[in-house]
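By convention in this document, chain letters (A, B, ...) are assigned in the order of the sequence lines, proteins followed by strands, and residues within each chain are numbered from 1. Only heavy atoms go into these numbers, but all of them, side chains included; no hydrogens, no water, no symmetry mates.
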Amino acid sequence: MQPSRTIYMGENLVIVESPAKAKTIEKFLGSGFIVKSSFGHIRDLSKKNLGIDIENGFEPDYLISEDKTKVVSELKNLAKKSKTVWLASDEDREGEAIAWHLQEALELDKSKTKRIVFHEITKEAITNAINNPRDVNFNLVMAQQARRVLDRLVGFELSPILWKKVRPKLSAGRVQSVALRLIVEREREIQNFEAKSNYKIEGTFHPEQSEQSSILKAEITHRFSTSKEALNVLELCRTGNFIVTSTEKKEHSKSPAAPFTTSTLQQEASRKLGFSLSQTMRVAQNLYEAGLITYMRTDSVNLSKVALNSSKKVIDNLFGPEYSKTRQYSTKSKGAQEAHEAIRPTYIENRDIEAGAQEKKLYSLIWKRTVASQMSDAILEKTQINIQTKEIEYPFVATADIITFDGFLKLYIESKDDENSEENLPMLLPNLVSGTSMDVIEILATEKFTQKPPRYTEASLVKKLEELGIGRPSTYAPTISTLGQRGYIIKESREGNERSYHQYRLYDGDIKDTIKKEIWGTEKNKLFPEDIGILVTDFLVEHFRSIIDYNFTAKIEEDFDKVATGKLVWNKLISDFYTPFHSIVEDTLATSKPTNAERLLGVDPKTGKSVYSRLGRFGPLVQIGEADDPDKKYMSLGKGQLIETITIDQALKLFELPRVVGEYNNQEIICAIGRFGPYIKYEGSFISLGKDNNPYDIDIDKCIEIINNHKIKEAQKHIKSFPEQDIQVLNGRFGPYIKRGKDNFKIPKNVDPASLEIEDILKIIDSAGSTKKSTVSKKGTAAKKSTPTKKSTTTKKSTPTKKSKTAKSK
DNA sequence: CAGTGAGCGAGCTTCCGCTTGACTT
C-alpha cells in the first residue's frame, strides 16, 4: 500500500538511525525513496566547556559532532533535492531528539518534513508509517534535552571535584557512579561476611526386604547448628525404625522465558557461552549487519506478527503442533522505551547459518530462545516421599521432578547465576506406600558453610542496573568498561582457599568422623573494586548521597516523563535540581579535604615505627614511618590487596622484597614482584617466575633451575642473525618472525625461516613496510585536521628536557 | 618492561546515549 500518487526518484528522503536498517528499508520502499542513515545522534553539547548557559535558562550549546560533519552535509544536500524528508528515527526519547536535531541541522522546511515511526522492519509496518506521518513531538524532545543537560551537569561538576580532591582524570556520573557503588558495597558485604557452619544430614535408604536397586536418597531439610546436635541425630538413626510417613505427587508447569533483550542476551551469552559484554555486542553487531538478526540494542520483548507466524510454522514442523503456543510478552523492566523488537533471527526458518564460530554460537542461542518462547509449557510431576523415625523430630525428605511433557524444555533451559546451587539430577523414586518400613544404608552429617554474597559479573551487574532502571541497552557494556579504564574496578579470576570440614558417617552400625577438604571462594571473571574505586565511592556517598542513591534515576525519570507529556517545563526541572546540587558542589570544593584513605595498620616490631596503608601518587602503598620521617619506606600493594583490608603482617611481608636469594657464578640472584608479576633479576636480565613460584620463599636451587631453563630458551630463540643490518630471525610466542631494530615482521607461512637469506628478508620487510607506510601517511593527514592538542604536546616536549637540566644544575 | 612516593605550575582530564568503523599485538 504505497501512497497513491506517482513517486519519482529522489523525491523522498527517509532518514533512519542505523545504516543496516537503511538498506533493508530501501528495498521495501522501492523507487522514489532514498533511505539514508544519520548514524545515531548528529549533534551534542559543546565538548570544550560545559555547553550549557546556566544563567540563560540552561540554554544548551549544540554543535554538530566532529565525526558527523560529513554525514550531515551529505544529508543536507540530499534534503535540498528532495520534495519530502521523512524523519524515521526510533520512537523513543532519544530518537525523537535525533529527528528534531536533523530538522534543525539540515535546516528543513517544516512543510516538507514528516516524522514517521515503526517498531518492526516489515513492508507492512513501513508503508503504514508512511501513510500516518506526524510532526516532531517537541515535548518529548525537551524531555531528552533535560536528560542530556542533567547528565552533563552532574558529570562535569562532579568529575572536577574528584580531580582536585582525589586524583586527576577521574570521572563520576549519574550512571557510572551508581554502578561502581554497587560493586564497592557488595565487596564490603563480602569482606564483613562471616561464614557460619552448620550440619546437613542426608540418608540413603531402601525398603525392607527389597533389592538394592530401589535405593532412595533423602535429606532432613532442617540444618543442625552444632556437631553435637548432628551426632545426636546420627546416634538416633542407628537404632531408629524408619517408615514412609507420606508420599505425595504434584503436577506443575513451567513457562519459557521471554525473547532476548540486550540485557538478557548479555547475561545468557555470558553464562552459556562465556562471552564478555563487549564480545557479545560485537558478535551480535556482525549478525545484525549480515541481516541475520533484528536490532541488538533493545529493551523490548515484543515479537512482530511475522515472527510469531514463522515461529509457529517452525515448531509445528520440527516438533508437532502440541509443542506450539503463541505468546506475546510484556516488558517488566523500569523505564523501558521499546523502540524496537526483541532480539530474534530475521528468518526464524533458518536454524543454522553460515558464519564465524562465535557468530554461529550466538545465533543458535538467539534462535533457541526465540523459538522456545513460542512453545508450550513443560509439565513436571513432583514426587515427595517422607521417611521418619519417631525419635527424630524431622523427617528425611526425598524429592524428584519428573518431566511428563517437555514442551519448550526440548529446546532451551535458561541458566541461573547461582553457581553454588547443586545440580538437581533427575532421580527416579521407587513407588512406595505409606507405612513401608525402610532400612538405613548410610547416614551422612556434613558440615556446610553459609555462602557469602556473590561478586558481580559483568552480566549480573547489567541485570542489576536494568532492575534499577539505570543505563540503557546501548550503554551497559561501555559503562562497565569505563569503570575499568578509570581504574575503579578490575575484572579478574582469583584462586580460592582450602578449608576443612567435618563429615560424620553412620554405616554398618558405626559412626566415623572424617575431616575433608574443599576449595572455596574461587572467583572466575568477577568484578572487584580497586582502592581508587572504593575511595571515590566513599567520597561521593559522603557528599552526594542523593545523586548516588539507587533510586535517583528512577525518580528523575518520572520528571522527564512529565516533561514529555507537557506537564512540566524542562528547564524548571533542571533549575530545581541544579540549585541545591550546585550549592553542595561549591560547599564540597571549599570544605572537604583531599583524601588518601590513610589507615594505621600497627607498629613495625623491628623499628618501632608506625605502618600505614594509603593511596599514593602511583597507586595504593604501605608505608613504614611517619610522613616527616626522612628514612620512611614504601612498597606498592600486591595483587588483590586493598588499603582497607590489608593486615600489618601482610604489609610487613611486602618489605621482604626485593630479596637476595643467593649467588650463582658470582652473580647475585634477586627476587621481586614487578608490574608483570614475580621475577628473578640475574645478570641484568629479568626472568618471570610464573604463578607457581613464590618470590618470598623460593630457594636458590629452584632459581638456578629457572635461570638455566631461561638460557636454553633464549638460545633456541635465535634462528639467524644479520648483525650488519641489525636483523634477526627469532622464535617468538606466535612462531618465527623477523626483527629489525624495534620493528617486527611476519614470515609468510610457506617459508622455512632457517633457509632465509638477507635478500629474502629484505623483500619481506619491504612488502610489509609499504603497508605500514600507508597507514602512517593516513595518520599524518588525519592529524592535520585535529592538531591543536598534538601541536601543543610536541612544542611542550622540548621544555621538560630544559627544565630537567636546570633542575639538575641546582 | 621489572619502578616510582617533592615541589614549581600550564593545560588537560570528565557526563550519557545514539550510531559505526578504524585501529594494533
Look at all strands and tell whether [X] reaches a base, only sugar-phosphate, or nothing, counting heavy atoms closer than 4.0 Å.
| X | answer |
| --- | --- |
| Tyr295(A) | sugar-phosphate |
| Leu170(A) | sugar-phosphate |
| Ser171(A) | sugar-phosphate |
| Glu157(A) | nothing |
| Ser636(A) | base |
| Arg174(A) | sugar-phosphate |
| Val154(A) | nothing |
| Asp90(A) | sugar-phosphate |
| Gln176(A) | sugar-phosphate |
| Pro19(A) | sugar-phosphate |
| Arg486(A) | sugar-phosphate |
| Ser18(A) | sugar-phosphate |
| Ser177(A) | nothing |
| Ala172(A) | sugar-phosphate |

Residue closer to the 5' end of DNA chain B, Gly155(A) versus Ser37(A) (nearest nucleotide): Gly155(A)
Give each protein N/O atom lying under 3.5 Å from an N/O atom of nucleotides 1-3 of chain B, with the pair distance.
unit_1 : atom_1 : unit_2    : atom_2 : d
dG3(B) : O6     : Arg675(A) : NE     : 2.8

What nucleotide among [options] has an atom nearest to a side-chain atom of [X]?
| X | options | answer |
| --- | --- | --- |
| Phe156(A) | dC18(B), dT14(B), dT13(B) | dT14(B) |
| Lys632(A) | dT20(B), dT13(B), dA6(B) | dA6(B) |
| Tyr634(A) | dC16(B), dA6(B), dT13(B) | dA6(B) |
| Gln285(A) | dC18(B), dT20(B), dA6(B) | dT20(B) |

Do [X] and [Y] come close enough that some side-chain heavy atom pair is under 4.5 Å?
| X | Y | result |
| --- | --- | --- |
| Thr262(A) | Met281(A) | yes |
| Ile646(A) | Leu601(A) | yes |
| Leu106(A) | Ile15(A) | yes |

Write down the distance between [atom1] ([X]) and [atom2] ([N]), rounded to a whole number of angstrom.
| X | N | atom1 | atom2 | answer |
| --- | --- | --- | --- | --- |
| Arg617(A) | dC8(B) | CZ | P | 13 Å |
| His41(A) | dC15(B) | NE2 | C1' | 13 Å |
| Leu153(A) | dT14(B) | CG | C1' | 13 Å |
| Asp299(A) | dG17(B) | CG | C1' | 13 Å |
| Arg43(A) | dT19(B) | CZ | C1' | 17 Å |
| Gln485(A) | dC16(B) | CD | P | 12 Å |
| Phe39(A) | dA22(B) | CZ | C1' | 13 Å |
| Tyr288(A) | dC18(B) | OH | P | 14 Å |

Distance-only donor-acceptor test (3.5 Å): side chain Arg152(A), base dC16(B): no
Distance-only donor-acceptor test, Arg297(A) side-chain atoms vs dC18(B) base atoms, 3.5 Å: no
Could you tell me which residues satisfy ring pair (Phe, Tyr, Trp, His ring centres under 6.0 Å) with [X], sequence neighbours excluded, listed by chain and number?
| X | answer |
| --- | --- |
| Tyr288(A) | Tyr295(A) |
| Tyr62(A) | His101(A) |
| Phe655(A) | none |

Exam field: side chain Asp92(A) to backbone Gly95(A), donor-acceptor pair closer than 3.5 Å: yes
Verify stack between Trp163(A) ring and dT13(B) base, 5.5 Å, 30 degrees: yes
SB check Asp559(A) Lys555(A) (cutoff 4.0 Å): no
Salt bridge Lys609(A)-Asp604(A), side-chain N to carboxylate O under 4.0 Å: no
Gap between atom CG of Leu87(A) and atom CD of Glu96(A) - 0.5 Å precision: 9.0 Å
Compare side-chain N and O positions of [X] against OP1 and OP2 of [N] and report whether any pair is under 4.0 Å apart.
| X | N | value |
| --- | --- | --- |
| Ser159(A) | dC15(B) | no |
| Arg148(A) | dC15(B) | no |
| Ser474(A) | dC18(B) | yes |

side-chain contact (heavy atoms from CB on, under 4.5 Å) evaluation trace for Ser89(A) with Arg115(A): CA-CA 8 Å; Ser89(A) 45; Arg115(A) 169 80 170 122; 3.2 Å; yes
Considering all heavy atoms, the nearest Ala105(A)-Ile42(A) contact: CB-CD1, 3.7 Å
Parallel, tilted or perpendicular, as decided by the 30° and 60° cut-offs, for the rings of Phe577(A) and Phe552(A): tilted
Whether Phe539(A) and His543(A) hold their rings parallel, tilted or perpendicular, with breakpoints at 30° and 60°: tilted
Nucleotide-level pairing of DNA chain B, given in dot-bracket where Watson-Crick and G-U pairs need both distances under 3.5 Å and | marks other strands: .........................
Members of residues 619-628 of chain A that approach DNA chain B, where some heavy atom sits under 4.0 Å away: Gly619(A), Leu621(A)
Arg486(A) side chain to Ser171(A) side chain, donor-acceptor N/O pair below 3.5 angstrom: yes
